[in-house]
Amino acid sequence: MADPTTTSVTFPTGATDGEATVLGTYVLPRGTGVVVDSTPFHPLDHTWPDQPGDTGTLVAGGVAYEVVDCVTGAIGPEGEFAAGAAIPVRRGDEAWRWLVVHLVEGEPPAPGRTVGLHVDRDRRAALSAAHTGCHLMALALNEALAGRWRKEVHVDGLGHPDFDGTAVQVSRIDAGTATDRYRIGRTLRRRFDTEGLREALPGLASQVNERLAGWIARDAPVRIDAPGPDLTARRQWVCELPERTVRIPCGGTHLRLLGELTSLTVELILSDDGSELVAVTTPQRS
């Protein structure tokens with residue numbers, strides 16, 4: 001088996017199809033992992049698993065293999081292979097080589113074979129819409145909550161105190177929604193005023209939704225800036241909002257224009273004890 005190096009990825013450009021050479025295969029609990037030299041498939045990031053891996057097909061010699069999932073893999077300094085949650089280091093550790101692993105069912109194509117790679121475009125588009133919506137929601141929520149800070153904190157790309165970056169604990173993207181969970185614990189409460197927050201939620205949601213609608217109406221362009229094709233390249237989500245161009249570190253996939261959405265709305269939910277704020281963002285595509 002060839003010794004894979006870091007996988008080159010084309011999904012940051014929006015690619016959903018490609019051709020590549022199989023470098024190796026690995027037996028995994030959920031199937032066989034196929035590693036190629038270049039891929040349009042976006043894998044689940046084991047360090048920050050917000051956007052799930054792409055699905056689709058891998059075609060070799062007229063045989064189509066269903067790609068049921070796509071995960072991050074890595075080879076350690078002693079040649080050890082690990083995938084997904086079994087990877088013992090954070091993504092980008094320079095002692096490890098980083099791979100995109102396509103999970104397929106059945107006997108996989110052999111190393112050295114040329115394969116076609118085809119991402120499920122409808123699912124990718126839905127995930128991209130939800131991920132773009134997640135970033136926009138965070139910016140609008142930061143603005144809506146800006147007056148509640150007692151002390152200075154770092155600011156977001158629009159100059160507002162970054163509640164999202166400070167309090168987010170879990171972010172999950174799926175094909176219909178993005179769900180972000182914010183921890184409002186004792187440390188945050190020393191800096192952030194929660195008095196009357198529950199009663200204020202309907203008004204805050206309306207303020208966020210109004211901002212989101214305005215941004216969509218302006219059809220701002222979106223892109224991913226990447227310093228190179230490596231899986232571990234430090235990519236940024238870039239959106240040219242009317243106020244200013246915003247950059248957010250991100251390894252996922254996104255829309256090209258905000259006008260691809262017909263609407264984007266958020267529901268804000270505060271836990272019974274007030275310790276967690278949940279934001280559920282729902283995009284509708286044109």
Side-chain angles (χ1 to χ4, degrees), residues 50 128-174 176-185 187-222 237-250 254-255 257-286:
D50 55 350
S128 295
H131 207 152
T132 296
C134 176
H135 288 335
L136 292 173
M137 181 284 300
L139 293 168
L141 182 63
N142 288 345
E143 180 183 15
L145 295 174
R148 288 183 168 268
W149 290 94
R150 298 190 183 98
K151 298 181 180 180
E152 288 189 5
V153 294
H154 63 279
V155 298
D156 65 18
L158 293 178
H160 299 122
D162 193 358
F163 175 83
D164 176 82
T166 302
V168 69
Q169 296 294 301
V170 176
S171 183
R172 292 291 182 266
I173 310 296
D174 64 35
T177 59
T179 302
D180 293 272
R181 296 182 176 276
Y182 300 100
R183 174 67 179 168
I184 306 178
T187 300
L188 185 67
R189 289 170 185 266
R190 287 196 287 267
R191 297 179 290 168
F192 181 79
D193 183 10
T194 61
E195 183 70 27
L197 180 59
R198 190 180 306 279
E199 294 73 20
L201 285 185
L204 291 170
S206 294
Q207 184 178 341
V208 170
N209 288 332
E210 182 178 354
R211 176 63 74 201
L212 295 175
W215 284 338
I216 290 171
R218 295 294 293 271
D219 196 19
V222 179
W237 177 82
V238 183
C239 186
E240 298 178 20
L241 293 174
E243 295 84 351
R244 68 178 74 166
T245 296
V246 177
R247 295 175 174 270
I248 296 176
C250 183
H254 290 276
L255 302 176
L257 294 167
L258 296 189
E260 295 176 47
L261 297 172
T262 56
S263 68
L264 183 65
T265 56
V266 67
E267 179 183 7
L268 300 176
I269 306 162
L270 190 65
S271 65
D272 290 343
D273 65 359
S275 67
E276 182 181 66
L277 177 66
V278 179
V280 181
T281 307
T282 304
Q284 296 292 332
R285 292 185 291 144
S286 55

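Basis for what follows: all heavy atoms, side chains included, without hydrogens, waters or symmetry-related copies. A quick note: this is a predicted structure, and the numbers were derived from the prediction, not measured.
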Drop me the distance from [X]'s [atom1] to [Y]'s [atom2], to the nearest 0.5 angstrom.
X: His160; Y: Leu141; atom1: NE2; atom2: CG; answer: 11.5 Å
X: Gln207; Y: Leu212; atom1: CD; atom2: CG; answer: 10.5 Å
X: Arg150; Y: Arg189; atom1: CZ; atom2: CZ; answer: 9.5 Å

Can you confirm whether more than 12 heavy atoms, excluding those of [X], are under 6.0 Å from its [atom1] atom?
X: Glu195; atom1: CD; value: no
X: Arg191; atom1: CZ; value: yes
X: Asp272; atom1: CG; value: no
X: Glu210; atom1: CD; value: no

Next item on the list: May I ask you to test the Leu188-Thr194 pair for a side-chain heavy-atom distance under 4.5 Å?
Entry: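 Contact flag for Leu188/Thr194 side chains = no.
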
If you take all heavy atoms of [X] and [Y], which pair is closest and at what distance?
X: Phe163; Y: Trp149; value: CA-CZ2, 3.7 Å
X: Trp237; Y: Cys239; value: CH2-CB, 3.4 Å
X: Cys250; Y: His131; value: SG-NE2, 3.4 Å
X: Ile173; Y: Ala130; value: CG2-CB, 3.6 Å
X: Leu258; Y: Leu241; value: CD1-CD2, 4.0 Å
X: Ala205; Y: Leu268; value: N-CD1, 3.8 Å

Item checked: Pairs meeting criterion side chain to side chain donor-acceptor pair (under 3.5 Å) with involvement of residues 276-286, two or more places apart -> Arg181-Glu276

Notebook entry, point to check: Among side-chain atoms of Asn142 and Asp162, is any donor-acceptor pair under 3.5 angstrom?
Noted result: yes

Check: Quick one: do the Ser206 and Asn209 side chains pair a donor with an acceptor below 3.5 Å?
Finding: no

Item checked: side chain to side chain contact (heavy atoms under 4.5 Å, CB included) between Ile184 and Leu197, intermediate numbers included -> CA-CA 11 Å; Ile184 306 178; Leu197 180 59; 4.0 Å; yes

Margin query: Once side-chain hydrogen bond (donor to acceptor under 3.5 Å, both in side chains) is applied, do any residues pair with Thr245, and if so which ones, sequence neighbours excluded?
Written below: none

Next item on the list: Quick one: which residue pairs count as a ring-ring contact (aromatic ring centres under 6.0 Å, His included) with a foot in residues 266-286, not counting sequence neighbours?
Entry: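 ring-ring contact (aromatic ring centres under 6.0 Å, His included) check on residues 266-286 returns no pairs.
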
